[in-house]
Trainee: 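One structure, pasted below without further comment.
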Amino acid sequence: MIESTLHHSVLNAELLSFLDIKKDGVYLDATYGRGGHSALVLSRISKSGKLLAFDRDREAVTDALIKFGEDGRFTINHAKFSRISELLSEFRNKIDGIYFDLGLSSPQLDNAERGFSFQKSGFIDMRMDQSSDGGSAFDWVNSAKEYEIRDVLSKFGEQRYAKSIAKKIVSSRALKTIDTTHELAQIVRSCIKYRAKIDPATLTFQAIRIFINDELNELNLALNSAAELIGLGGKILVISFHSLEDRIVKHRFRYLAANGLSRSGSECSYRIITKKPIVPSDLEKSENARSRSAKLRVIERTQ
Ligand SMILES: C[S@@+](CC[C@H](N)C(=O)[O-])C[C@H]1O[C@@H](n2cnc3c(N)ncnc32)[C@H](O)[C@@H]1O
């Protein structure tokens, strides 16, 4: 079982097989992370190929510059993937493959100071981009109205106990600010009376993280942009890790396949390649626990 803080990319063989890389092709890695997928693509393109990468996390960008900064085929943008269309307008119609590997990298999860995980105690930050103006989870947890907390927990965590957790957060912070991930996790657990298979804090942390990073909105915007950028015969691949993300991808792909897209006067068509999402093999799941919930969906531009 893999447990280190190195990031182990998921569904590598499947991603490569669907991308069907052309040696001189142009590819977009919308979620660089620690560059596992980027390295695979770079090893398959020639000198005239290109890999454009994005990540909103400064640490990921630093990693990219260290690993591939000298490689003339590679560029990294420190930006949200909702901006791919705006920042890559010169590549419109010229990209052969765009892929998203959503969520967090292992280094983000494992660094207690990032506040994404309650396994270790740390400041409740949860911002993927710590240089952004957006507020941290600490600010929000300690100031949001009770009904806002309840709504976020039920909408983004599908959390049955959203109401009682929101109430407990508000009464706890009236006594003392909620500073750490351990404190927050303890408050959540105290509201749930049954013995659950997964730690009850999991869904609450997921919900707050999605809200703080506006993750679902990002995904919606980025899928539209990807459909605008992709060239004829090119594919868009999305690896998601929970049902809220997968639902968005499924519906957006169905919409594109049914309605196409009108792009600067010309009509584009798309075809769904994966009728059902592709999931990791049993071997991959047993070797990499993070891969267990991964789902890959693929669509192709046909006209
Ligand atoms: C699961 S990791 C990607 C791992 C990568 N495929 C690899 O093989 O190393 C997800 C990465 O996407 C980034 N990310 C998530 N949402 C993003 C967004 N809206 N815009 C840009 N980057 C995002 C995260 O910061 C994280 O580094």
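Please read these numbers as outputs of a predicted model, since none were measured by experiment. Just the heavy atoms: all of them, side chains too, but no hydrogens, waters or symmetry mates, feed the values below. Remember, it's 1-based here, ligands and their atoms both numbered in the order they're listed.
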Trainee: Determine whether the side chains of Q186 and R189 contain a donor N or O and an acceptor N or O closer than 3.5 Å.
Mentor: yes
Trainee: Out of R127, H8, M128, indicate the one that has the non-hydrogen atom closest to atom 14 (N) of ligand 1.
Mentor: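 Checking each option, the heavy atom nearest atom 14 (N) of ligand 1 is found in M128.
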Trainee: Where is the nearest protein heavy atom to atom 20 (N) of ligand 1: which residue, which atom, and how far?
Mentor: F81 N, 2.8 Å
Trainee: Answer yes or no: is there a donor N or O on one side and an acceptor on the other, between the side chain of R297 and the main chain of V238, under 3.5 Å?
Mentor: no
Trainee: Would you say the side-chain atoms of R301 pair up with the backbone N or O of C268, donor to acceptor, closer than 3.5 Å?
Mentor: no
Trainee: Residue-level breakdown please: for A222 versus ligand 1, do any non-hydrogen atoms fall below 4.0 Å on the side chain, on the backbone, on both, or on neither?
Mentor: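 No part of A222 is near ligand 1 at this cut-off.
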Trainee: Could you check atom 19 (N) of ligand 1 against the protein and tell me its nearest heavy-atom contact, residue, atom and distance included?
Mentor: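 Of the protein heavy atoms, E218 OE1, 2.8 Å lies nearest.
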Trainee: Would you check whether G35 has a nitrogen or oxygen atom less than 3.5 angstrom from a nitrogen or oxygen atom of ligand 1?
Mentor: yes
Trainee: Please state whether F100 comes within less than 4.0 angstrom of ligand 1, counting heavy atoms only.
Mentor: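 Contact absent.
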Trainee: Using modelled atom types and a 3.5 Å cut-off, is there a donor and acceptor pairing between side-chain atoms of N213 and backbone atoms of R209?
Mentor: yes
Trainee: With nothing but distance in play, are any N or O atoms of F54 less than 3.5 Å from an N or O of ligand 1?
Mentor: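 No, F54 has no N/O under 3.5 Å of an N/O on ligand 1.
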Trainee: So between N12, T31, D55, whose heavy atom ends up nearest atom 24 (C) of ligand 1?
Mentor: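 That would be D55.
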Trainee: Quick check on side chain to side chain contact (heavy atoms under 4.5 Å, CB included): which of I76, L28, T75 does F54 satisfy it with?
Mentor: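 Result for side chain to side chain contact (heavy atoms under 4.5 Å, CB included) with F54: L28.
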Trainee: Taking the six-membered ring of Y147 as reference, does the cationic atom of R150 (NZ for Lys, CZ for Arg) lie under 6.0 Å from its centre and within 45° of its axis?
Mentor: no
Trainee: Does L102 reach ligand 1, in the sense of a heavy atom lying below 4.0 Å from it?
Mentor: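 Checking ligand 1 against L102, which is what was asked, there is a heavy-atom contact under 4.0 Å.
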Trainee: To check your reading of the model: name the closest protein heavy atom to atom 9 (O) of ligand 1, its residue, and the distance in Å.
Mentor: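 Heavy-atom neighbour on the protein nearest atom 9 (O) of ligand 1: R34 N, 2.9 Å.
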Trainee: Can you check whether K120's main-chain N or O pairs, donor with acceptor, with T181's side chain at less than 3.5 Å?
Mentor: yes
Trainee: Any N or O on R56 sitting closer than 3.5 Å to an N or O of ligand 1?
Mentor: yes
Trainee: For F123 and F138, take the angle between the two ring planes, folded into 0 to 90°, and tell me which bin it lands in: parallel under 30, tilted 30 to 60, perpendicular over 60.
Mentor: tilted
Trainee: I'd like to know if A39 contacts ligand 1, where contact means a heavy-atom distance under 4.0 Å to any ligand atom.
Mentor: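 Judged by the 4.0 Å heavy-atom criterion, A39 does not count as contacting ligand 1.
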Trainee: Do D96 and Y27 have a side chain donor and acceptor closer than 3.5 Å?
Mentor: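 Absent: no donor and acceptor within the cut-off.
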Trainee: Considering G103, G33, A30, which one's heavy-atom position lies nearest to atom 10 (C) of ligand 1?
Mentor: G103
Trainee: Starting from atom 6 (N) of ligand 1, which protein heavy atom do you reach first, and at what distance in Å?
Mentor: D101 OD2, 2.8 Å
Trainee: Would you say ligand 1 has an N or O under 3.5 Å from any N or O of D57?
Mentor: no
Trainee: Can you confirm whether more than 12 heavy atoms, excluding those of R160, are under 6.0 Å from its CZ atom?
Mentor: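 Open.
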Trainee: Is H37 touching ligand 1 with its side chain, its backbone, both, or neither, if touching means heavy atoms under 4.0 Å apart?
Mentor: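 Under 4.0 Å from ligand 1, H37 contributes backbone and side-chain atoms.
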Trainee: Which residue and non-hydrogen atom of the protein lie closest to atom 5 (C) of ligand 1, and at what distance in Å?
Mentor: Y32 O, 3.3 Å
Trainee: Would you check whether Q108 has a nitrogen or oxygen atom less than 3.5 angstrom from a nitrogen or oxygen atom of ligand 1?
Mentor: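 Looking only at distances, the answer is yes, because the N/O contact criterion of under 3.5 Å is met.
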Trainee: Going by heavy atoms, is R290 under 4.0 Å from ligand 1?
Mentor: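 Contact check R290 vs ligand 1: positive.
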Trainee: Indicate, as side chain, backbone, both or neither, the part of L104 found under 4.0 angstrom from ligand 1 when only non-hydrogen atoms are considered.
Mentor: backbone
Trainee: Can we say K67 and D63 salt-bridge, meaning some charged N sits less than 4.0 Å from an Asp/Glu carboxylate O?
Mentor: yes
Trainee: Of all the non-hydrogen atoms in the protein, which one sits nearest to atom 8 (O) of ligand 1, and at what distance?
Mentor: S9 OG, 2.7 Å
Trainee: Decide yes or no on salt bridge (charged side-chain N to carboxylate O under 4.0 Å, His left out) for E90 and K50, but give the supporting numbers first.
Mentor: CA-CA 13 Å; E90 70 200 272; K50 261 193 198 321; over 6 Å; no
Trainee: Are the side chain of R92 and the backbone of K94 linked by a donor-acceptor contact shorter than 3.5 Å?
Mentor: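 No.
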